[in-house]
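Chain A is the first sequence line, chain B the second, and so forth, proteins listed ahead of strands; every chain is numbered from 1. Owing to the predicted nature of the structure, the values given are computational and were not obtained by experimental measurement.
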Protein chains: 2
Amino acid sequence: MASPLILVVEDEPAVRDMIALTLEQADYEWVSAGDVPEARCRLADARPDLVLLDWMLPGQHSGLDFARQMRREELTRDLPVILLTARDAEDDKVRGLDVGADDYVTKPFSPRELLARIKALLRRSGQADGGAVVSIGGLTLDATSHRVLAGDENVALGPTEFKLLSFFIHHPDRVYSRDQLLDRVWGSNVYIDDRTVDVHVRRLRKALAPHGCDRLIQTVRGVGYRFSEQS
Amino acid sequence: MASPLILVVEDEPAVRDMIALTLEQADYEWVSAGDVPEARCRLADARPDLVLLDWMLPGQHSGLDFARQMRREELTRDLPVILLTARDAEDDKVRGLDVGADDYVTKPFSPRELLARIKALLRRSGQADGGAVVSIGGLTLDATSHRVLAGDENVALGPTEFKLLSFFIHHPDRVYSRDQLLDRVWGSNVYIDDRTVDVHVRRLRKALAPHGCDRLIQTVRGVGYRFSEQS
DNA sequence: TAGCCGCATTACAACTATATGACAGCACGC
DNA sequence: GCGTGCTGTCATATAGTTGTAATGCGGCTA
């Protein structure tokens with residue numbers, strides 16, 4: 001496999017160079033962008049495997065908007081994003097997770113920490129498409145054969161339920177609001193009601209219940225849903 | 001932290017003993033397995049922090065399959081794996097890293113080299129954890145999964161209690177008046193009675209009490225409340 | 001020691017969020 | 001064209017959460 005390509009979106013040249021050096025030493029390929037429009041181009045032409053995104057960017061478009069937009073586009077929806085935030089900005093972290101960043105690193109950060117998170121994230125997401133088979137808590141989803149097994153029994157799911165479960169199983173132990181789920185499972189141009197998510201969750205649970213796997217989909221009241229093996 | 005537990009998967013008793021001795025001298029805990037089925041059991045019951053995996057194992061299941069399977073299971077996906085390759089087989093190394101091994105050691109290897117790699121890997125994987133996780137006094141709050149753990153037990157909280165605890169845990173060792181708490185937890189423009197804070201503090205304490213963590217929320221008479229590890 | 005004040009505790013009724021079941025519109029294959 | 005299965009919406013049921021108020025308790029002060 002070729003070494004992963006990482007897109008660095010950061011306006012300060014000094015920080016960018018530092019990151020670039022770190023990446024090179026760890027044998028990653030990289031491209032960089034200094035603002036959001038440029039980042040869009042790189043995204044389209046270079047097709048990176050992961051994005052390092054500075055929270056504070058010049059121009060009217062913040063990193064937040066960029067991240068949100070990425071989540072809406074089919075092509076970039078599953079791209080792992082690591083947010084670079086200033087220390088002490090608890091709000092930023094929360095909002096960052098809201099728009100779907102997968103992880104964040106607070107500045108200033110050590111090269112080692114950055115690499116560790118990149119590696120962890122790449123491994124997780126690489127497993128997601130490459131392996132095509134993922135198992136959690138007795139549930140097995142095989143993307144290739146488009147099949148779901150609970151234990152060794154087949155589970156019949158409709159298309160939307162399958163996509164929903166697929167998203168959940170690839171992003172476990174994390175809450176997603178109904179809006180986020182609509183963005184990431186249904187896709188961009190949807191005028192669909194929040195409550196519809198409830199219904200599909202319900203259908204998914206119903207299908208999983210005979211196998212005892214419905215417990216994996218957990219309601220987080222006031223927030224959304226979570227897929228997790230733990231209670 | 002307790003000393004890390006290492007699972008040694010190796011069929012040759014002589015090599016296994018040598019490794020075990022090395023580990024013991026470095027003050028690591030260890031368990032061992034001679035084949036893949038046994039390794040699975042140890043993985044499930046002992047929950048090791050790192051796996052030393054021999055590439056050449058008896059039986060139809062190779063180390064490669066085992067490693068791949070580990071990457072599929074949620075519980076073991078992020079477990080660091082060091083591969084022990086028999087010969088200087090470049091192919092094996094490549095394939096090993098492909099399935100997600102984090103490092104490899106070529107036999108014969110020196111105890112010192114083995115220990116160095118174990119140490120480095122444990123350090124890295126330890127750092128890769130938790131971005132949005134804060135722990136104080138046995139309490140762990142994970143914003144990402146929107147979960148609270150006391151020790152390793154789940155604590156059920158309502159939305160407001162969660163927000164309150166989240167604020168406290170991010171601002172420890174400092175008194176806050178009821179008005180301040182209303183501002184920062186409930187939001188600015190609320191016309192809510194001071195006494196309501198008492199009730200929510202009470203509810204939070206009640207939820208934490210079974211785990212002994214209620215002592216962290218302290219009343220400062222005439223002033224307000226404080227969250228602190230010290231009494 | 002009586003009385004006051006601040007906090008703890010409990011109960012409760014309004015309110016809100018989620019679960020559930022039913023339904024009509026579609027798309028698709030036959 | 002006709003079933004069949006899937007989707008999104010709605011109405012209703014259920015369950016969990018919230019702020020308030022009543023009451024109890026203990027310490028502090030006069």
Side-chain angles (χ1 to χ4, degrees), chain A residues 146-148 154-168 175-210 213-228 231, chain B residues 146-148 154-168 175-210 213-227:
Chain A
H146 208 268
R147 205 175 253 159
V148 176
N154 215 315
V155 182
L157 294 179
T160 306
E161 288 137 50
F162 185 87
K163 270 190 284 184
L164 183 59
L165 178 59
S166 176
F167 176 77
F168 271 139
V175 207
Y176 290 94
S177 72
R178 293 173 174 72
D179 281 324
Q180 288 176 309
L181 289 172
L182 282 175
D183 273 2
R184 304 198 55 175
V185 176
W186 274 254
S188 27
N189 315 320
V190 287
Y191 7 73
I192 292 186
D193 193 52
D194 267 18
R195 300 276 128 232
T196 299
V197 175
D198 298 27
V199 178
H200 281 276
V201 164
R202 153 77 173 146
R203 286 170 181 156
L204 189 48
R205 278 175 170 158
K206 206 171 191 174
L208 297 177
C213 292
D214 54 329
R215 67 184 179 82
L216 295 172
I217 303 176
Q218 301 160 2
T219 304
V220 181
R221 183 162 248 267
V223 184
Y225 296 96
R226 172 181 57 208
F227 187 84
S228 173
S231 69
Chain B
H146 209 269
R147 226 181 218 152
V148 176
N154 217 314
V155 182
L157 294 178
T160 307
E161 289 140 47
F162 186 89
K163 273 188 280 185
L164 183 58
L165 178 60
S166 179
F167 176 77
F168 272 140
V175 202
Y176 290 93
S177 72
R178 293 174 174 70
D179 281 324
Q180 287 176 311
L181 289 173
L182 280 175
D183 271 3
R184 309 208 43 184
V185 176
W186 274 254
S188 324
N189 315 320
V190 285
Y191 84 115
I192 291 185
D193 193 48
D194 268 18
R195 301 275 120 237
T196 299
V197 176
D198 298 27
V199 178
H200 280 277
V201 164
R202 155 75 174 151
R203 285 172 181 153
L204 189 49
R205 278 174 169 159
K206 204 173 192 173
L208 298 178
C213 292
D214 53 329
R215 67 186 178 81
L216 295 171
I217 303 175
Q218 300 157 5
T219 304
V220 182
R221 196 181 170 85
V223 185
Y225 296 96
R226 173 182 56 207
F227 186 85

Can you tell me how far C1' of dT18(C) sits from CG of L181(A), to the nearest Å? 15 Å
dG6(C), OP1 or OP2 - any side-chain N/O from Y225(B) closer than 4.0 Å? no
What is the distance from NE2 of H200(A) to P of dG21(C), rounded to the nearest Å? 16 Å
Is any side-chain nitrogen or oxygen of T219(B) closer than 4.0 Å to OP1 or OP2 of dG6(C)? no
Gap between atoms CZ and C1', on R221(A) and dT18(C) respectively (whole Å): 6 Å
Could you give the CD-to-C1' distance, from Q218(B) to dC7(C), as a whole number of Å? 15 Å
Rounded distance in Å - CZ (R203(A)) to P (dC23(C)): 14 Å
Over how many whole Å does the gap from D198(A) atom CG to dA17(C) atom C1' extend? 9 Å
Over all strands shown, is V199(B) touching base, sugar-phosphate only, or nothing at heavy-atom distances under 4.0 angstrom? base
Hey, does T160(A) reach any base, or is it just sugar-phosphate, or nothing, if we go heavy atoms under 4.0 Å? sugar-phosphate
Give the ring-plane orientation class for H200(A) versus W186(A), where under 30° counts as parallel, over 60° as perpendicular and anything between as tilted. perpendicular
Separation of dG21(C) P from R205(A) CZ (nearest whole Å): 13 Å
Indicate, with a heavy-atom threshold strictly under 4.0 Å, whether T196(A) touches base, sugar-phosphate, or nothing. base
Output for pair (L208(B) CG, K206(B) NZ), nearest 0.5 Å, gives 12.5 Å
Calculate the interatomic distance between K206(B) atom NZ and dT10(C) atom P; express it in whole Å. 5 Å
Does OP1 or OP2 of dT18(C) have a side-chain N or O of R178(A) closer than 4.0 Å? yes
To the nearest 0.5 Å, what is the distance between OH (Y176(A)) and CG (L164(A))? 12.0 Å
Test side chain to side chain contact (heavy atoms under 4.5 Å, CB included) applied to R226(B) - qualifying residues, sequence neighbours left out: Q218(B), V220(B), S228(B)
Look at the side chain of R202(A) against the base of dA19(C) and say whether a donor-acceptor pair falls under 3.5 Å; ignore hydrogens and angles. no
Leading and trailing nucleotides of DNA chain D with any atom under 4.0 Å from heavy atoms of chain B: dT17(D) to dG26(D)
Using 0.5 Å steps for rounding, measure from the CG atom of D183(A) to the CZ atom of F167(A). 9.5 Å
Between the side chains of R205(B) and T219(B), does any donor sit under 3.5 Å from an acceptor? yes
D198(B) and R178(B) ion-paired at < 4.0 Å: yes
